[in-house]
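Positions are given from 1, in the same order as the sequence printed here. Any value given below was found using the heavy atoms of this structure, including those in side chains, with hydrogens, waters and symmetry copies removed.
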Amino acid sequence: MQISAVEKDPFDQRLHKLCSAFEKKYGSPPTHVVRAPGRVNLIGEHVDYSGYSVVPMAITNDVQIAVGPSLSSQCHISNLESSYPEEEFSVELSPQDISSSHTWVSYVQCGYLGIVERVEKRRAVNMMVHGTVPKGSGLSSSSALVCASALASMVSHGLHFSKTEMAEICQKSERYVGTMGGGMDQAISFLGQSGSASWISFDPVCVTPVSLPERTVFFIANSLVESSKYETADTCFNKRVIECRLAAKILAKKLHVTQNVQRLGDVQKCSGLNLETMKQKVLEVLKESYYTREDIAHELGIQVSELQSVDLIGPKLTSTEFYLRLRAYHVFHESWLVQEFIKVKTPEEMGKLMSASHDTCQKNFDCSCPELDELVSVCMEAGALGSRLTGAGWGGCTVSLVPESKKDEFYEHVKENYYKKRGVVDTVISTSFFATVPGP
């Protein structure tokens with residue numbers, strides 16, 4: 001997280017371009033420029049919303065927003081990229097206004113509302129936005145936009161919240177768009193540290209630096225299959241959240257947990273069992289095939305109509321088949337991999353755990369796609385010690401751990417055998433496939 005007065009860095013070309021565009025658009029210079037980085041998750045996929053820890057790192061790709069006061073009662077939002085149309089909204093914005101329609105500005109609105117819900121008098125703002133996190137890539141472009149908007153709104157209202165408070169505010173407010181994410185993306189954007197990854201646990205948010213192996217490089221490779229958490233929510237992301245919730249409810253009942261749990265992590269905590277035992281219990285008490293709505297209602301001792309409750313399936317999801325055993329097994333296994341990841345000492349061990357993570361994402365959580373699987377295979381053939389999808393999946397990027405001595409041949413192999421094979425031009429490859437270091 002960074003906040004700066006605009007005059008502090010006059011030599012930054014991107015900053016200069018952003019501020020000039022702001023002044024040209026709104027007639028006066030911005031008062032502040034804020035920045036929120038994207039992230040790459042090294043391990044711990046689809047476990048944060050079940051209460052388990054993750055190991056992401058912030059990256060240098062980010063969202064920057066120049067902000068200043070608006071003289072009207074409307075907030076005006078523009079983007080340096082013309083493909084993102086400008087919009088405006090009232091300071092009396094409500095959660096229902098955000099959920100009723102979806103555009104790129106919806107994420108700006110989430111950040112703004114997360115802050116102004118905490119003030120007595122709302123101020124209208126002008127914003128000029130620019131992002132370098134590829135859209136739909138699994139590198140948290142949407143959350144970075146929410147976080148940057150919240151920062152811009154915070155300074156515009158003369159407020160100050162801690163980084164942890166901002167992460168929690170943005171985690172909650174991003175849900176206004178209709179996705180049911182956990183807290184990883186917002187936490188790493190605000191709390192990431194240069195030079196290390198971060199082991200992030202929740203309830204409360206706690207961040208511990210994780211040293212990365214020397215003489216290795218992390219490469220990010222975009223499959224070029226765009227995946228939107230919002231657009232695929234009912235069939236992919238939100239459905240997985242609900243499957244994990246239902247698995248927690250049924251597993252708790254099978255294990256005689258009497259507390260009203262919502263997350264698989266809560267089931268483990270209440271039962272007092274370790275992760276290895278939880279995996280075994282999943283195989284013992286949850287059936288291998290899918291559950292219908294009637295099956296779930298029967299297991300929970302309720303009527304099918306009661307599944308419409310928001311703490312079960314809810315009224316929006318239309319799915320009729322739920323793979324609870326696979327989803328629960330993934331969560332417990334992936335969380336075990338995270339525990340091992342923060343303990344290992346060698347890059348070879350770290351790489352094996354990353355590859356094991358991709359395997360469970362593909363087979364148990366069904367959040368990969370043919371292009372991601374192919375890209376992981378190409379990266380391993382090219383000399384990676386480990387490779388996996390990163391982010392929500394169903395498209396987006398892979399992250400690979402590569403020995404520094406092999407980085408050049410790794411790059412050329414992947415470039416030729418994945419990108420050139422598809423006729424991708426060099427200008428696109430340069431922004432889709434690159435080495436990264438821990439930001440922010």
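Rounding to the nearest 0.5 Å places OG of Ser162 at 8.0 Å from CG of Leu191. Atoms CZ and OH, on Phe219 and Tyr411 in that order, are 8.0 Å from each other to the nearest 0.5 Å. With rounding to the nearest 0.5 Å, the separation of CZ in Phe218 from OG1 in Thr436 is 10.0 Å. Expressed to the nearest 0.5 Å, how far OH of Tyr84 lies from CG of Asn79 amounts to 7.0 Å. Note that CE of Met184 and OG of Ser140 are 7.0 Å apart. Values are rounded to the nearest 0.5 Å. The CH2 atom of Trp394 sits 10.5 Å away from atom OG of Ser368, with the distance rounded to the nearest 0.5 Å.
A salt bridge links Arg14 with Asp62: the closest approach of a Lys/Arg side-chain nitrogen to an acidic carboxylate oxygen falls below 4.0 angstrom. Note on Lys269 versus Asp266: no salt bridge recorded, every NZ/NE/NH1/NH2 to OD/OE distance being 4.0 Å or above. Between Glu412 and Lys420, no side-chain nitrogen of the basic residue sits less than 4.0 Å from a carboxylate oxygen of the acidic one, so the salt-bridge criterion is not met. In summary, Glu340 and Lys343 engage in a salt bridge, as defined by a charged side-chain N under 4.0 Å from a carboxylate O. Salt-bridge annotation for Glu306 and Arg293: absent, with no side-chain N of the basic residue lying under 4.0 Å from a carboxylate O of the acidic one. Salt bridge present: Glu276 and Lys279 bring a charged side-chain N and a carboxylate O closer than 4.0 Å. Salt-bridge annotation for Arg245 and Asp311: absent, with no side-chain N of the basic residue lying under 4.0 Å from a carboxylate O of the acidic one. Salt bridge status for Arg388 with Asp359: absent, with no side-chain N to carboxylate O gap under 4.0 Å.
Asn417 places a side-chain N or O within donor-acceptor distance of the main-chain N or O of His413, the cut-off being under 3.5 Å. Side-chain atoms of Thr431 come within 3.5 Å of backbone N or O of Val428 as a donor-acceptor pair. Looking at Asn238, its side chain does come within 3.5 Å of a backbone N or O of Gly178 through a donor-acceptor pair. Remark: side-chain polar atoms of Ser335 are not paired, donor with acceptor, to backbone N or O of Phe332 under 3.5 angstrom. With hydrogens and angles ignored, the 3.5 Å screen pairs a side-chain donor or acceptor of Asp97 with a backbone N or O of Ser94. For Ser189 (side chain) and Gln186 (main-chain N/O), no donor-acceptor pair under 3.5 Å exists by modelled atom type. At least one donor-acceptor pair closer than 3.5 Å links the side chain of Ser149 to the backbone N or O of Val108.
Between Tyr329 and Tyr323, the ring center distance fails the sub-6.0 Å criterion. The ring of Phe322 has its center no closer than 6.0 angstrom to the ring center of Tyr291.
Taking both residues in full, the closest heavy atoms of Phe341 and Met350 are given as CE1-CG, 2.9 Å, listed atom of the first, atom of the second, then distance. Pairing each heavy atom of Val133 with each of Leu139, the nearest pair is CG1-O, 3.5 Å. The shortest heavy-atom contact between Ser271 and Met278 is OG-SD, 3.7 Å. When all heavy atoms of Cys147 and Ala36 are compared, the pair lying nearest together is CB-CB, 3.8 Å. Closest of all the heavy-atom pairs between Val399 and Met354 is O-CE, 3.6 Å. When every heavy atom of Asp12 is checked against every heavy atom of Leu15, the shortest pair comes out as OD1-N, 2.9 Å.
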Inset, instruction - Show your reasoning for whether salt bridge (charged side-chain N to carboxylate O under 4.0 Å, His left out) applies to Arg240 and Glu243. - result: CA-CA 5 Å; Arg240 294 299 181 277; Glu243 285 177 315; 3.6 Å; yes

Inset, instruction - Let me see the working for Ser400 and Ser387 under side-chain hydrogen bond (donor to acceptor under 3.5 Å, both in side chains), right down to the final yes or no. - result: CA-CA 4 Å; Ser400 301; Ser387 186; 2.8 Å; yes

Inset, instruction - Decide side-chain hydrogen bond (donor to acceptor under 3.5 Å, both in side chains) for Thr346 and Glu349; before the verdict, give the C-alpha distance in whole Å, the side-chain angles of both, and the deciding distance to 0.1 Å. - result: CA-CA 5 Å; Thr346 69; Glu349 291 174 302; 3.0 Å; yes

Inset, instruction - Could you give me the CA-CA distance, side-chain angles and deciding distance for Arg422 and Glu371, then say whether salt bridge (charged side-chain N to carboxylate O under 4.0 Å, His left out) is met? - result: CA-CA 11 Å; Arg422 287 168 164 74; Glu371 292 83 357; 5.6 Å; no

Inset, instruction - Begin from the C-alpha positions of Glu174 and Ser143 and carry the test side-chain hydrogen bond (donor to acceptor under 3.5 Å, both in side chains) through to its verdict. - result: CA-CA 7 Å; Glu174 186 168 336; Ser143 293; 2.8 Å; yes

Legend entry - Derivation of the side chain to side chain contact (heavy atoms under 4.5 Å, CB included) call for Met128 and Ile65: CA-CA 6 Å; Met128 181 64 69; Ile65 297 180; over 6 Å; no

Inset, instruction - Report the C-alpha separation of Glu299 and Lys254 in whole Å, then their side-chain angles, then the decisive distance to 0.1 Å, and conclude whether the salt bridge (charged side-chain N to carboxylate O under 4.0 Å, His left out) test is met. - result: CA-CA 9 Å; Glu299 291 284 0; Lys254 298 282 189 181; 3.2 Å; yes

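Screening Gln268, Glu334, His46, Gln339 against Tyr52 for a side-chain hydrogen bond (donor to acceptor under 3.5 Å, both in side chains) leaves a single residue, Gln268.
Within a 6.0 Å sphere centred on CH2 of Trp104, other residues, nucleotides and ligands contribute more than 12 heavy atoms. The local environment of NZ in Lys287 is crowded, with over 12 non-hydrogen atoms from other residues, nucleotides or ligands closer than 6.0 Å. Around CZ of Arg215, the count of heavy atoms belonging to other residues, nucleotides or ligands within 6.0 Å does not exceed 12. Gln303 CD: 12 or fewer foreign heavy atoms inside a 6.0 Å radius.
Using cut-offs of 30° and 60° on the angle between ring planes, the pair Phe365 and His330 is tilted.
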